[in-house]
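Within every chain, numbering begins at 1; the chains are lettered A, B, ... in the order of the sequence lines, protein sequences first and strands thereafter.
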Amino acid sequence: MTDAATDAGAAAGADIADLPLESARAEAVRLTELILGARDAYYGRDAEIVDDATYDAWMHQLEAIERLHPELQGQDSPTLSVGAASGTLFAPVEHAERMLSLDNVFSDAEFLSWAAKVERDAGRRVHYLCELKIDGLALSLRYENGRLVSAATRGDGRVGEDVTDNVRQLRGIPQRLLGNGHPALVEVRGEVFFNVADFVSLNAYQETMGDRLFANPRNAASGSLRQKTEGKNQRQLDAMHQRLSRLRMTVHGIGAWPDPPVSTQSGIYELLASWGLPTSAYYTVADSPDAADAFIQHYGGHRHDVEHEIDGIVVKVDELALHDELGATSRAPRWAIAYKYPPEQVNTKLLDIVVSVGRTGRATPFAVMEPARVAGSVVRQATLHNQDVVKAKGVLIGDTVVLRKAGDVIPEVLGPVVELRDGTERAFVMPADCPECGSRLAPAKAGDIDLRCPNARSCPAQVRGRVDHIGSRGALDIEGLGEVSAAALTQPVRPETPPLVTEAGLFDLRAEDLFAIDVVVRDAETGLPRLLEDGSADTRSPFRRQRKKSDPAFQSDGPFDGDAGHILSVAATQLLVNLEAAKSKELWRFLVALNVRHVGPVAARALAQWFGSIDAIRAASRDELAAVEGVGGIIADSLTDWFDVDWHRDIVDRWAAAGAQLATPGHPGPGGASVEGGVLEGLTVVATGSLEGYSREGAQQAILDAGGKAASSVSKKTDFVAAGPGAGSKLAKAEELGVRIIDAAQFHLLVTRGPDALDAAATSGTEG
DNA sequence: CACCCTCGAGTTCA
DNA sequence: CTCGAGGGTG
């Protein structure tokens with residue numbers, strides 16, 4: 001790129017960054033039309049209708065938009081084809097038959113209405129050929145008398161680039177067709193793409209060579225195919241061949257064949273396969289729109305089970321006779337549609353990097369972004385872990401960043417789009433003080449990257465986090481005690497001194513305490529306090545509500561009448577009831593609730609089982625603690641250290657005084673109860689997905705009750721994996737390791753009667 | 001010294 | 001649910 005071109009691109013980027021997605025889309029369409037029109041004139045009529053500078057400006061504008069919104073870059077984008085660089089590198093080739101693009105739908109409803117229209121136009125039910133829409137580069141191959149004579153990119157659909165020399169090096173593409181049933185002229189359309197693994201290794205290679213990374217497999221395929229061999233040194237040439245050999249082709253179209261010996265699209269695929277052309281293994285013929293929709297939904301959930309990237313599903317009417325009947329619009333055939341999945345990687349603005357403090361005091365920077373739709377949900381935040389990660393990712397506040405969902409769930413910032421910087425970005429500086437309480441942040445021990453707020457006792461963020469944690473499923477599992485209540489109880493606007501200064505007072509909470517609480521109302525969008533007309537913050541109570549005449553619980557002389565006829569809300573009464581019930585939960589839950597470092601549900605269970613009471617654990621020495629299986633020196637130290645702190649012991653004492661049961665009834669004391677001789681003794685079981693008849697917790701408890709070990713991840717030590725609907729990576733891991741997989745019914749048998757009963761049931765022949 | 005496992009954190013969904 | 005960090009165990 002020349003300097004002038006760089007400037008043009010950067011300037012365009014600055015404007016475009018402010019465009020909302022819909023306007024950007026419209027602008028991209030407009031530019032594409034202009035560019036294709038200019039190209040048509042140039043190649044088709046040998047005439048220039050615009051000067052080079054204008055043409056270049058359009059291209060740079062379009063490139064800038066596509067960098068900002070990669071999802072707008074269609075496969076037929078002019079930036080991916082002829083003229084993108086200089087227009088003279090590859091010879092133009094005219095396709096025998098125009099390569100049309102497909103119309104898109106973005107939802108099941110849109111797809112079903114397309115199918116309904118097709119069936120209405122056809123006047124009958126039709127079959128649908130469903131296939132994966134591979135994220136690659138479309139290619140047209142021309143075979144004359146069975147020999148490959150040319151290969152061309154799509155280009156603008158009518159004229160493409162001649163990439164025959166490069167294509168001849170691809171292993172997956174035959175130079176000659178097998179057999180002799182093919183016509184004299186065959187033009188097949190296919191997709192050249194990288195498998196995900198090959199794409200990753202290609203980028204790793206590019207990185208070691210100091211070359212530019214490819215944004216996605218399609219760009220990589222395009223880049224590899226459009227490499228020019230002249231002027232390259234031998235080493236680069238070898239590397240290129242190595243990469244090219246990893247390209248594969250799958251055929252999903254055929255044109256220029258007036259009289260095929262088969263009557264369906266799927267028949268054509270079989271024919272192509274018999275000629276030695278590589279076709280995709282992933283297609284099916286559906287006999288109804290609903291069946292086709294089921295295929296779409298299936299792969300929507302299993303996009304990553306396929307070795308290559310897919311950005312959607314292509315559905316075609318299978319009956320060839322109907323293709324002519326239905327015809328085509330100027331851009332796309334009416335007998336086929338592309339269902340586009342939501343993009344998994346998008347660009348968005350990094351508005352700020354903010355630091356949050358968790359229940360352990362760890363200060364974690366996270367990215368605050370312009371809300372963006374990724375993989376089907378709207379994301380506005382993503383963790384950045386610590387200041388080293390921020391630095392390693394190289395993001396600046398104000399950058400346009402690439403956002404994705406790791407494992408399809410957890411939002412992750414991949415990095416900045418450096419080309420779109422305009423100089424106003426600024427670097428993130430890790431604050432020296434806790435953003436919530438102002439204490440000086442410091443590493444817990446020398447050499448730690450993580451900074452922590454040392455003010456464990458009264459830092460609002462930490463107290464709030466701990467109270468929230470107490471209510472969580474892995475601890476006392478108190479319904480109604482979550483993030484929101486925890487905040488209301490520890491830092492309301494009224495009263496000034498919150499009911500809970502630390503978690504010590506949790507079981508002393510009374511109805512009056514809850515009734516008095518007011519919190520600031522925050523805007524759901526911005527997170528800022530909502531203001532009243534006089535400029536003061538709007539407040540409301542989470543635990544009061546207006547009394548209605550119709551209330552069955554209406555009492556004219558209730559205890560809380562003073563306040564304009566308000567009564568305790570349902571949430572408040574439930575919280576009080578649940579707190580009361582929590583007082584008699586199992587000992588290990590209290591141990592987890594105490595927030596001792598390194599003591600989670602597993603260590604807590606081991607300790608509770610051995611010692612039988614909090615007092616016994618408090619009294620135990622470091623070595624006595626470390627003698628418990630699953631507890632080592634570190635956890636033992638962590639426990640004794642914890643009990644050395646006055647206000648920690650105060651928590652235990654006040655909970656006990658409030659009636660919390662901090663001992664297992666009937667436990668004989670240290671060294672005592674251990675469950676032995678259960679039917680699952682010595683066996684490790686992992687439960688995943690939803691198992692009919694069991695809750696997530698219930699399944700774990702059933703395994704433990706039977707004397708087994710309930711592990712949270714699958715390893716080769718795992719004996720059984722009980723998998724129900726919705727099972728994810730654990731099931732895959734079990735298959736990979738050859739661990740025995742059982743369903744809910746078998747799981748029930750296993751925990752009640754043991755593994756032998758399972759085998760007996762299996763051999764008695766329930767199959768068939 | 002290898003594993004293998006648990007902990008802890010952040011996030012979104014039903 | 002997944003990742004990194006770091007503890008426990010053979």
Side-chain angles (χ1 to χ4, degrees), chain A residues 300-301 304 342 344 353-369 371-386 388-389 392 403-414 443-445 447-452 461-462 465-466 468-469 472-475 482-483 524 588 591-592 594-607 625-639 684-690 695-696 700 709-719 723 725-733 737 739:
Chain A
H304 304 290
E344 303 197 297
I353 296 178
V354 179
V355 170
S356 76
V357 172
R359 74 180 159 97
T360 63
R362 204 174 100 174
T364 311
F366 65 94
V368 178
M369 291 162 292
R373 240 195 135 67
V374 204
S377 62
V378 175
V379 171
R380 57 193 87 214
Q381 292 186 356
T383 179
L384 291 168
H385 304 289
N386 58 50
D388 281 16
V389 171
L403 177 69
R404 73 156 178 189
K405 290 236 204 119
D408 245 11
V409 183
I410 312 292
E412 180 189 7
V413 172
L414 288 176
K445 58 181 193 315
D448 270 10
I449 294 165
D450 289 341
L451 296 182
R452 311 191 97 93
Q462 294 191 57
R466 289 201 303 269
D468 178 30
H469 170 71
S472 71
R473 263 214 317 264
E483 214 178 315
W588 69 264
L591 213 39
V592 174
L594 290 177
N595 272 296
V596 183
R597 282 266 261 156
H598 304 130
V599 178
V602 174
R605 277 187 168 106
L607 288 160
L625 291 165
V628 175
E629 195 179 331
V631 178
I634 308 278
I635 294 181
D637 282 340
S638 179
L639 279 158
T684 301
V685 185
V686 174
T688 178
S690 56
S695 66
R696 201 163 285 259
Q700 297 231 322
K709 202 172 164 204
S712 56
S713 56
V714 179
S715 71
K716 57 187 175 191
K717 281 191 183 171
T718 310
D719 297 292
S729 62
K730 287 178 200 171
L731 179 58
K733 186 85 182 280
L737 294 174
V739 174

Nearest-Å distance for atom pair CZ/C1', residues A/R452 and B/dG8: 9 Å

Whole angstrom value for the distance that separates C1' of C/dC3 from CG of A/N386: 13 Å

Per A/I634 side chain, nearest of listed nucleotides B/dA9, B/dC7, C/dG8: C/dG8

Sugar-phosphate, base or nothing in reach of A/G358, heavy atoms under 4.0 Å: nothing

Nucleotide B/dT6, atom P - distance to CH2 of A/W588 in whole Å: 13 Å

Side chain A/D719, main chain A/T684, donor-acceptor under 3.5 Å: yes

A/L607 side chain reached by A/W588 side chain, heavy atoms, under 4.5 Å: no

Closest nucleotide among C/dG7, B/dG10, B/dT11 to the A/Q381 side chain: B/dT11

Interatomic distance, A/D468 CG vs B/dT11 C1' [rounded to whole Å]: 14 Å

Nucleotide C/dG8, atom P - distance to NE2 of A/H598 in whole Å: 8 Å

Whole-Å gap separating C1' (B/dC7) and CD1 (A/I635): 9 Å

Side-chain N or O of A/T360 closer than 4.0 Å to phosphate OP1/OP2 of B/dA9: yes

Out of B/dT6, B/dG10, B/dA9, whichever nucleotide has its closest atom nearest the side chain of A/V602: B/dT6

Side chain of A/A603 - closest among B/dG8, B/dC7, B/dT11: B/dC7

Short side-chain N/O contact to B/dG8 OP1/OP2 from A/R597, under 4.0 Å: no

Rounded interatomic separation in angstrom, taking NE2 from A/H385 and P from B/dG10: 10 Å

Nearest to side-chain heavy atoms of A/V379, which nucleotide of B/dG10, B/dT12, B/dA9: B/dT12

Under 3.5 Å side-chain donor-acceptor pair for A/R452 and A/T360: yes

A/E412 CD - B/dG10 C1' separation (whole Å): 12 Å

Side chain to side chain donor-acceptor pair (under 3.5 Å) partners of A/N595, counting only residues at least two apart: A/R359

N/O donor-acceptor pair under 3.5 Å between A/H598 side chain and A/A603 backbone: no

